[in-house]
Structure formats: C-alpha cells, structure tokens
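Working notes, structure below.
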Amino acid sequence: KDVKDAVGHRVALSGNLDSINLIWHGTPEEIAKETLRLVSDVASRGGYIVNVGENTPEQTPPENVAKMIETLRTEWPRKPNANHHPSGAR
C-alpha cells in the first residue's frame with residue numbers, strides 16, 4: 001500500500017503474495033485474508049497485478065492456489081474502484 005501511495009498511477013505494481021510463507025505454508029483462510037487485503041488496499045485503485053511475484057514451489061497445496069484465485073474472482077469485482085477483474089472472473 002505504501003508503494004502504491006508513493007507512485008500512484010504512474011506505474012503498475014505486481015506481486016506481494018509471499019509464495020513460501022503464505023501460499024505454500026499458509027492456511028486457505030490466511031491466503032483469502034491477505035488476498036482480500038491487497039484487493040481492497042491496492043488493486044482496487046488500479047495499476048496492480050495480484051500475484052506471488054516469484055516462483056511457487058511445486059510442493060504448494062493446490063487448494064492454496066485455488067483459494068487465492070477464488071478470492072480474486074469473487075472479491076475483485078465487488079470493490080467500488082475496481083475497473084478490471086482477473087481473467088475468467090465473469
């Protein structure tokens with residue numbers, strides 16, 4: 001959020017979901033909470049790509065990745081300033 005505040009709409013940002021501590025080792029509830037925070041605080045303002053920002057370990061539980069995608073698809077379109085939504089969200 002701090003970086004988005006600093007750069008505004010001049011550049012697009014990408015990443016910020018921790019692929020090790022959150023996506024691999026986190027619970028689906030933790031993943032949903034952090035994904036929703038990014039959608040609410042950053043993505044809804046435009047110029048942001050929600051992703052892990054680096055490689056996702058092959059040991060990552062598929063349900064954790066699915067939870068991230070599900071949260072994006074259900075929550076992104078609900079934010080008042082969200083001009084774009086993840087592919088396939090409709």
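Basis for what follows: all heavy atoms, side chains included, without hydrogens, waters or symmetry-related copies.
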* Asked: Between T27 and E30, does a side-chain contact (heavy atoms from CB on, under 4.5 Å) hold up when you go through it step by step?
  -> CA-CA 5 Å; T27 65; E30 292 168 331; 3.2 Å; yes
* **Stepwise side-chain contact (heavy atoms from CB on, under 4.5 Å) test for L13 and I49** => CA-CA 6 Å; L13 302 175; I49 301 166; over 6 Å; no
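Contact of the Y48 side chain with the L38 side chain is registered, since non-hydrogen atoms from C-beta on lie closer than 4.5 Å. Annotation: side chain of L17 is in contact with side chain of T35 (closest heavy-atom distance under 4.5 Å). The shortest side-chain heavy-atom distance between R37 and N16 falls under the 4.5 Å cut-off. A heavy-atom distance below 4.5 Å is not found between the side chains of T60 and S19.
Summarising the geometry, atom CE belonging to M68 is positioned 10.0 Å from atom CZ belonging to R73; distances are rounded to the nearest 0.5 Å. Separation of atoms CG (L22) and NZ (K33) is listed at 11.0 Å; rounding is to 0.5 Å. The line from OG1 of T71 to CD of E34 is 11.0 Å long, rounded to the nearest 0.5 Å.
A salt bridge links K67 and E70; the closest N-O separation between the charged side-chain nitrogens and carboxylate oxygens is under 4.0 Å.
Taken together through direct or relayed side-chain contacts under 4.5 Å among Ile, Leu, Val, Met, Phe, Trp and Tyr, V42 and V11 form part of one hydrophobic cluster.
Checked options I23, I31, V52; the residue passing with V65 is I23 (criterion: side-chain contact (heavy atoms from CB on, under 4.5 Å)).
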